[in-house]
Peer 1: 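Pasting a structure here, questions to come.
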Amino acid sequence: AAALRENFPPTHRTLVFGTTREKDLTGQIQALAPLFDEIIITRYVHNPRATPPEEVMLALAELGRGAAVTPDPAAALELARLVTPRDGLICVTGSLFLAAEVRALVVPGVPPPWRTPALCR
């Protein structure tokens, strides 16, 4: 949240969020939600530690915020591209597992982490 405030100019911001069960969901949502115009909740699909989107929605509801829910990172990224203006910012965060799945979608030639044995431990 601090890096976003300090290093990116004000613009329309879309958050693509998915996190791990062991993380402080409420703390993450409280820090991030106020900085975004749109919020898209998803879950990464190649790790069983993903927090169910329903739990994230409950945490957002406690802040009086709503969000779109998508079944996987590919759908979340597609929706984010639709709702974010060309000069806007899409931020994918919450877990490195989510970031890795999205990276495999947007960076040609990068193998997904679940297909890289050294990263699957």
Side-chain angles (χ1 to χ4, degrees):
L4 188 62
R5 283 192 298 272
E6 296 168 11
N7 298 302
F8 293 90
T11 186
H12 184 101
R13 295 176 177 162
T14 300
L15 172 63
V16 174
F17 184 84
T19 194
T20 303
R21 289 184 181 146
E22 297 84 12
K23 291 190 177 184
D24 176 10
L25 173 59
T26 302
Q28 286 180 306
I29 291 298
Q30 288 175 340
L32 294 170
L35 302 175
F36 291 90
D37 301 291
E38 309 282 346
I39 301 175
I40 301 168
I41 304 304
T42 194
R43 66 181 308 145
Y44 37 90
V45 294
H46 295 282
N47 187 302
R49 292 170 41 203
T51 300
E54 299 78 21
E55 290 181 29
V56 179
M57 289 297 290
L58 289 174
L60 279 168
E62 290 179 14
L63 294 177
R65 291 293 301 266
V69 176
T70 62
D72 56 53
L77 188 58
E78 181 179 340
L79 180 57
R81 288 175 170 158
L82 287 173
V83 302
T84 307
R86 290 182 73 74
D87 63 344
L89 175 71
I90 298 171
C91 181
V92 177
T93 194
S95 171
L96 289 176
F97 292 116
L98 177 63
E101 288 192 25
V102 170
R103 181 175 182 232
L105 295 168
V106 298
V107 180
V110 172
W114 56 93
R115 291 194 184 146
T116 308
L119 298 176
C120 293
R121 294 184 187 151

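These values consider heavy atoms only, across backbone and side chains, with no hydrogens, waters or symmetry-generated copies.
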Peer 1: Do you know the tightest heavy-atom contact between Pro52 and Arg21?
Peer 2: CD-NE, 4.1 Å
Peer 1: Looking at every heavy atom in both Arg43 and Pro73, which two are closest together, and how far apart are they?
Peer 2: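 Nearest heavy atoms, Arg43 then Pro73: O-CD, 3.3 Å.
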Peer 1: Can Val83 be reached from Leu15 by stepping across I, L, V, M, F, W or Y side chains whose heavy atoms are under 4.5 Å apart?
Peer 2: no
Peer 1: List the atom of Arg49, the atom of Glu22, and the distance in Å for their closest heavy-atom pair.
Peer 2: NE-OE1, 3.1 Å
Peer 1: Taking only distance into account, with no hydrogens and no angle test, what donor-acceptor pairs under 3.5 Å do side-chain atoms of residues 53-69 form with protein atoms, sequence neighbours excluded?
Peer 2:
{"unit_1": "Arg65", "atom_1": "NH1", "unit_2": "Ala33", "atom_2": "O", "d": "2.7"}
{"unit_1": "Arg65", "atom_1": "NH1", "unit_2": "Phe36", "atom_2": "O", "d": "3.4"}
{"unit_1": "Arg65", "atom_1": "NH2", "unit_2": "Phe36", "atom_2": "O", "d": "3.0"}

Peer 1: Could you tell me the separation between the CZ atom of Phe17 and the CD1 atom of Ile40, rounded to the nearest 0.5 Å?
Peer 2: 13.5 Å
Peer 1: Just checking, any donor-acceptor pair under 3.5 angstrom between side chains of Thr51 and Thr19?
Peer 2: no
Peer 1: May I have the list of side-chain donor-acceptor pairs in residues 84-97 shorter than 3.5 Å, sequence neighbours left out?
Peer 2:
{"unit_1": "Thr84", "atom_1": "OG1", "unit_2": "Thr14", "atom_2": "OG1", "d": "2.5"}
{"unit_1": "Thr84", "atom_1": "OG1", "unit_2": "Ala80", "atom_2": "O", "d": "2.7"}
{"unit_1": "Ser95", "atom_1": "OG", "unit_2": "Thr20", "atom_2": "OG1", "d": "3.3"}
{"unit_1": "Ser95", "atom_1": "OG", "unit_2": "Phe97", "atom_2": "N", "d": "3.0"}

Peer 1: Closest heavy-atom contact between Pro71 and Thr42?
Peer 2: C-OG1, 3.9 Å
Peer 1: Within a strict 4.5 Å, meaning less than it, do heavy atoms of the Val16 and Leu77 side chains meet?
Peer 2: no
Peer 1: Using side-chain heavy atoms (C-beta onward) and a distance below 4.5 Å, is Asp72 in contact with Thr70?
Peer 2: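 The answer is no; the side chains never approach within 4.5 Å.
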Peer 1: State whether the side chain of Gln28 and the backbone N or O of Lys23 hold a donor-acceptor pair below 3.5 Å, judged by distance alone.
Peer 2: no
Peer 1: Please name the pair of heavy atoms, one in Ala1 and one in Ala31, separated by the smallest distance, quoted to 0.1 Å.
Peer 2: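 The answer is CB-O, 3.6 Å.
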Peer 1: Is there a path of hydrophobic side-chain contacts, each under 4.5 Å between heavy atoms of I, L, V, M, F, W or Y residues, that connects Tyr44 with Val106?
Peer 2: yes
Peer 1: Is there a path of hydrophobic side-chain contacts, each under 4.5 Å between heavy atoms of I, L, V, M, F, W or Y residues, that connects Leu79 with Ile41?
Peer 2: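 Different clusters.
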Peer 1: Please determine whether the number of non-hydrogen atoms from other residues, nucleotides or ligands lying under 6.0 Å from atom CZ of Arg13 exceeds 12.
Peer 2: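 It does: Arg13 CZ has more than 12 such atoms within range.
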